[in-house]
Amino acid sequence: MDPSLFLIQALNAVQYGLLLFLVASGLTLIFGVMGVINIAHGSFYMMGAYLAFSLAAFTGNLLTTVVVGLVLTALIGGLLEWALFSHLYRRNHLQQVLLTYGLILIFESLRSSFIGDEVHSVPVPAWLDFSVPLGSVMTYPAYRLFMSAVCLLVALGMYLLIHRTRLGSQIRAGASNRDMVQVLGINIDWVYRLVFALGVALAAFAGMINSPVTAVAPGMGAQMLIVSFVVVIVGGIGSVWGALVASQLVAFADTFGKVFVPDYAGMAIYLVMAIVLVWRPEGLFKS
Amino acid sequence: MFSISFRHMPARITSALAFTVLASGAIAQTSQPVKVGLMLPTSGTFAELGKTVANGFKLYVSENGGKLAGRTVQYVELDDESDPSKASENANKLVKRDRVDVLVGTIHSGVAMTMARVARDTNTLMIVPNAGAAEITGSMCAPNVFRSSFSNWQPGYASGLLAARKHKTAVTISWKYAAGDESVRGFREGFEKGGGRVIKDLNLPFPNVEFQPLLTELATIKPEAAYVFVAGAGQVKFVRDYAAAGLKNSIPLYGAFITEGTLAAQGDAASGLQTALHYADGLKNPKNEAFIASYRKVFNATPDVFAVQGYDAAQLFAAGLNAVKGDTKKKAEMIKAMENAKLESPRGPLSFSKSHNPIQDMYVRVAMGNKNVMTDVIVKALADPSPDCKN
């Protein structure tokens, strides 16, 4: 493989990895802070994409869509936390899996009855609808580069939120000892509700900004969910930094797996997961 | 008035039943509804296709007054969820509990193969209205199993012939699973038959839609043409990624189903793409024009290839049923009539090969707006050679 081709493939991997991070970060946050296994996370990703599709007709531009979508999904997240998840923190993981599996079925049925089962797409915003030449034959869509930049900003924002703000220290404290935080006079219920809403909004955000370069279709959340869990487990449950590193690792395994060993590419990311777990059973970065 | 007639009814029904039972078993059977088991997905990824196939089937029956060969049609419908692990149980339910006269299904090849196994073991008549797996009319072929759609090889082969009209080298891209492999094999045979050479097969795991690494590879190999086989949401993403990567003009893309049912979502990225398939939108023939009008009236939508396949499944079943005047006990005669059926399908003339797979014309279509418009016929009366069928 000549160097320029290698660089393009590396760019493909970085770009895919950043998107994976965006989806997985919400999952690892909810998992790490509240100990909830939320397998409905993929449904929130799907919800974001469908919101982008439905809102695009009204708003006509991506920015408004994203803002409205974020508010809506954060509200939905907060509401779900209050009505359902808040009762599950002290229950075992099996019950959490059952509840969230039920949610997947409900969201899929709602999607089917309100929007239908067809495959849809969302147009790329006009100001980003161009491609950058890359080599002699190929071009690279500007929107993908834009997405990568946005994902990096989100990663930075999350780092600042968790490590540089008062709320961040409450979140970290809540993750390690819920009761102690309460004793200190902090309303942990609201901290949890906020974190859950944030996690849901992050998944939906990923669905929204990815919608112009993917298909908006039934079952789109399921595939994302599996890769996200791989990322979370490889990175270390609850670690946002771990999710960032792991998403790159997984994306590189996926991309170069397809290039070098196409017949076994499906195994590549799971092989990475197996190796990491043998070496570090708690993931790369234990939170 | 009403109370009187109601009071008398049970007695009349009982005597009528007693009479028919005494008279003849055959009469009793043919006066009862004929049971059609529709095992199709109504939820999940293939829900839309499942509903369309069912619509097509029901349209033919309702055009005939809800009856086939004089017998009222009764549907037993079941959502197969496109889940192979539930397929055996579901198919057995329809065959053993509901005692359906014909099993119709399905979209997903894995589910359809399990259904075919159940049909073969219980000697139940079965018609596959979509799933293209080679085995169904190949190594697993059976006298009582028919297909009204296509085998994956057929559209692949036709696409190969089409690409070979203008190009000498090609690269294929497909999901690494049975349908992808079979379609690519068909393409290679057709392309080589037309004098071309496939220089590389690229593939990615099903149903992964991260196509970018493969597009990068394709761009460096620089073949004259490319052939793709992915399905559903993958179709939309692939075609848009292909255009965004700037490959649409430099390496012409061919496919069979790649623009089928997804043109609205693919938009400009699909415009001008050439495909080969056994149907085209608004195909010009009297039967198709009548079919489209009738479908629009009932469902308020425009039918596609999946509706045609469902419609023809019903036509094929009717051909068998008419030959025995509705007496499903005469299975051998029914099968004989279905094997020899010459159907007038909205897709054009339709008959069946020894392996019970359609023999059909394959059309060249070009994507224009929301339609795959037919430009010409690439090959007439194409039959899958089905070398593995030992019927």
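Below, chain A is the first sequence line, B the second, and so on; all start at residue 1.
At a 4.5 Å heavy-atom cutoff, the contact between B/N208 and chain A is made by backbone and side-chain atoms alike. Using a 4.5 Å cut-off between heavy atoms, A/D254 touches chain B through its side chain atoms alone. Both the backbone and the side chain of A/T255 come within contact range of chain B, each with at least one heavy atom under 4.5 Å from a heavy atom of that chain. B/L202 does not touch chain A: none of its heavy atoms, backbone or side chain, sits under 4.5 Å away. For a residue to count as touching a neighbouring chain, one of its non-hydrogen atoms must lie under 4.5 Å from one of that chain's; by this rule A/E108 does not touch chain B. For a residue to count as touching a neighbouring chain, one of its non-hydrogen atoms must lie under 4.5 Å from one of that chain's; by this rule A/V122 touches chain B with the backbone only. With a threshold of 4.5 angstrom between heavy atoms, A/P123 approaches chain B through N, CA, C or O but not through any side-chain atom. Both the backbone and the side chain of B/T216 come within less than 4.5 Å of a heavy atom of chain A.
With B/F206 as the aromatic partner, B/K176 does not meet the cation-pi criteria of under 6.0 angstrom to the ring centre and within 45 degrees of the ring axis.
Here B/N203 is the residue among B/D241, B/T45, B/N203 with the most heavy-atom pairs under 4.5 Å with chain A. Contact tally against chain B (heavy-atom pairs below 4.5 Å) for A/R144, A/R111, A/H120: the top residue is A/R144. Ranked by heavy-atom pairs under 4.5 Å with chain A, the first of B/Q266, B/Q212, B/K237, B/E217 is B/Q212.
For the residue pair B/T262 / B/Q235, a side-chain donor-acceptor distance below 3.5 Å is found, with atom types taken as modelled. A donor-acceptor contact under 3.5 angstrom links the side chains of B/T172 and B/D201, judged on distance only.
The aromatic rings of A/Y143 and A/F146 are tilted relative to each other, their planes meeting at an angle between 30° and 60°. Relative orientation of the A/F53 and A/Y50 rings is perpendicular, given thresholds of 30° and 60° on the angle between their planes.
A 4.5 Å side-chain heavy-atom check between B/I251 and B/Y242 finds at least one atom pair inside the cut-off.
Side chain of A/T139 to backbone of B/A244: a donor-acceptor contact under 3.5 angstrom is found.
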